[in-house]
Amino acid sequence: MSSSPPRVRPGVSVPDLLVALGITVIGVLLLVGTLSIPFGINAVVGPRVFPLIVGSGTLLLGLIMTALTLRGDRAEPSAEEDTDPDAPVDLSSPGVILGGFLLGSVLLAPLGFVIGTAIMYFSVAFAFGERRYGLMALVSLIVALVTYVVFTRGLGLTLPAGLLKGIL
Amino acid sequence: MDALHSLMAGFGTALSPLNLLWALIGVTLGTLVGVLPGIGPALTVALLLPVTAKLPPVGAFIMFAGIYYGGMFGGSTTSILLNTPGESASIITALEGNKMARKGRAAAALATAAIGSFIAGTIGTVLLTFFAPAIADVAVQIPPSAKFALIMLAFVTISATFGGSPLRGLISLFFGLSIGLIGTDLQSGQARFTLGRPELLDGIDFITVVIGLFAIGETLYVASRYRKTQDVIKLEGGASMTRQDWRRSWGPWLRGTALGFPFGAIPAGGAEIPTFLSYTLEKRLSKHPEEFGKGAIEGVAGPEAANNASAAGVLVPLLTLGLPTSATAAILLAAFQQYGLQPGPLLFLTNGDLVWGLIASLYIGNVMLLLLNLPLAPIWARLLLIPRPFLYAGILVFSTVGVYSLNNSVFDLFLLALFGVIGYGMRRFDFPVTPAIIGVVLGPTAETFFRTALQQSNGDFTIFLRSPLTVFILFIVLLALVVPPVLRARARRMATPA
């Protein structure tokens, strides 16, 4: 790692570099966190040894990746079912999904499982380009309701009823 | 034969009406979820774990067996009818099978995949029946230091030896290991990396990690570069083959099985390599090499058989050593642990009825899958026509139920979102997900063996050099880490003359 200071060439990808530096920082944080673990009592191998190995390994791998990225390495986004490798990357759709998911999670306990998951369902359908709002609302509620009934009645799990308490 | 005797007892367990029902539900759900785009076998098992939560262990594992094989099966339908593979082991099926389907031979492609999977799955299960108890007998005597070395071998081969970039695989592995550290250390009772949150004292449930990285990560990633036009091939009638298809398929099925099973049974990075090897082999042996790449039936039959035989092979190290060699196997291992069972050589002694019931139900599940898939192929094919906005929304809701029902805690849902974002990043920056899953599930076990070995030697690290078996395995670990990069560097030097 102590070779000549890496020169930033035009080929360096900034997002890749941020990821590499992020991994290095996580390695450092793991090592710092390891130091705050108390020593076990009369244990030959305490609770610190294994975290120390994992933290050092992460730090080392992060440094190697940083060095390689500075020499021009970059990642190839993976191809999945339903993705178009040539499509322009649109970060607003995942943003909508994430926002809807967090909103639904927060409202899950006060408003109930059905309404919480219906919000999630609706936001994913919206993010994937569906615009028939009436249909989306209907399907969201049906899916959420059926899931609720199957898991609480059929499989005996407890899920919050919320607003629909007493009705369901 | 001792194994035969035990197997008969296993069939006694598996053939009870209730357990047959669980097997049928398992294969049906497994195929159904496995067909859906964006859901591979690993995620199928993880999503369906809560469904089995209330079953007794034997029923649950019989259902898992069905889900496991069913999920593999469903995946091939997707790759043939929709030209994008969900996982690396299906790349070949997608390549050759989709070309066949485009030429109007979808029915034959699906049939050779289904029958090939049946033959490979059955032969693989026979091999499992006779190998597993023999290996378990030997494995009982392995010391903790060698068990630790074996886990190291699995870590290195899965993350570094195979796949595109060893560095990215290892980073993924260490990410999983770090997640596995979170929570109370069971040996000393000390909290580690809990950031003061009481919710983290019990550690992060692997289901949250798996569903976050696979389902949420996949949904976010697909949404960011979504292909609006779907190119699904219509299927008329059931899956069937002509006499000539049979003649061209049986050889590839058997050769694919022979390649797939051993690769599944050793910790060598899953089904990807044997499917590629089988494809190359069939191309070389074929009388019609010109058809390869344009829709040759041998190119579907061989790799699909290899894929399924390796799925059976994966169960050998899982059941006998407690060593998962694929993401799906890691989830099965964690499922065993949730029932308080530790897969490994002792499982055959302590829970023989369960293990043999599971093995017997693999035979039954294979027959069910064949009967279910040949006539029902058109129905599975219609699942691919579900409009994507509604499909991915449904996947997200099911993921939420699966994670929320673990502890009824919204905190877990926030963790799920976090792992979803990480899963997005792993796809965007080309980090494989499997090593992370293996790290989460196997990391704590690795630490236990590591510490047990050192405790036995009073902290003397040379314990790892004292048993010849341990030294031998660690030597292979070193080779697996060093040799591939050296070979790659050499190939590069030859390609670019200095």
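A note on names: the letters A, B, ... follow the listed sequences, proteins ahead of strands, and every chain is numbered from 1. All values derive from a computational prediction rather than experimental measurement.
- For residues 22-31 of chain A, a heavy-atom distance under 4.5 Å to chain B picks out Ile23(A), Leu30(A), given by residue number.
- The nearest pair of heavy atoms linking Arg74(A) to Arg168(B) is C-NH2, 4.1 Å.
- Proximity to chain A (any heavy atom under 4.5 Å) is restricted, for Phe193(B), to the side chain, taken from C-beta onward.
- In this structure, the portion of Phe450(B) lying under 4.5 Å from any heavy atom of chain A is its side chain and not its backbone.
- Of the residues considered (Pro15(A), Ala118(A), Ser92(A)), Pro15(A) shows the highest number of contacts with chain B, using heavy-atom pairs under 4.5 Å.
- Tyr424(B) touches chain A through its side chain: at least one heavy atom from C-beta onward sits under 4.5 Å away, while N, CA, C and O do not.
- Residue contact with chain A, scored on non-hydrogen atoms closer than 4.5 Å, involves the backbone and the side chain of Ile171(B) alike.
- When each of Leu416(B), Val421(B), Val401(B), Leu177(B) is scored by its heavy-atom pairs under 4.5 Å with chain A, the top score falls to Val401(B).
- When Ile53(A), Leu91(A), Thr117(A), Leu61(A) are compared by the number of non-hydrogen pairs under 4.5 Å with chain B, Leu61(A) comes out ahead.
- Taking the six-membered ring for Trp and thresholds of 30 and 60 degrees, Phe50(A) and Phe148(B) have ring planes more than 60 degrees apart, a perpendicular arrangement.
- Within 6.0 Å of atom CZ in Phe398(B), 12 or fewer heavy atoms from other residues, nucleotides or ligands are found, so the atom counts as exposed in its surroundings.
- If you measure heavy-atom distances from Val410(B) to chain A, the contacts under 4.5 Å come from the side chain alone.
- In this pair, Phe128(A) and Tyr226(B) present their aromatic rings perpendicular. The plane angle is above 60°, beyond the 30 to 60° band.
- In the displayed structure, Glu76(A) atom CD is contacted under 6.0 Å by at most 12 heavy atoms of other residues, nucleotides or ligands.
- Listed options Pro51(A), Ala127(A), Gly62(A) were ranked by heavy-atom pairs under 4.5 angstrom with chain B; first place goes to Pro51(A).
- The closest side-chain heavy-atom distance from Thr400(B) to Tyr121(A) is not below 4.5 Å.
- Of the atoms belonging to Leu396(B), it is side-chain heavy atoms, and not backbone ones, that fall under 4.5 Å from chain A.
- Residues Tyr221(B) and Pro77(A) are in side-chain contact: their nearest non-hydrogen atoms beyond the backbone lie under 4.5 Å apart.
- Residue with the most contacts toward chain B among Met120(A), Arg48(A), Met136(A): Met120(A) (heavy-atom pairs, distance under 4.5 Å).
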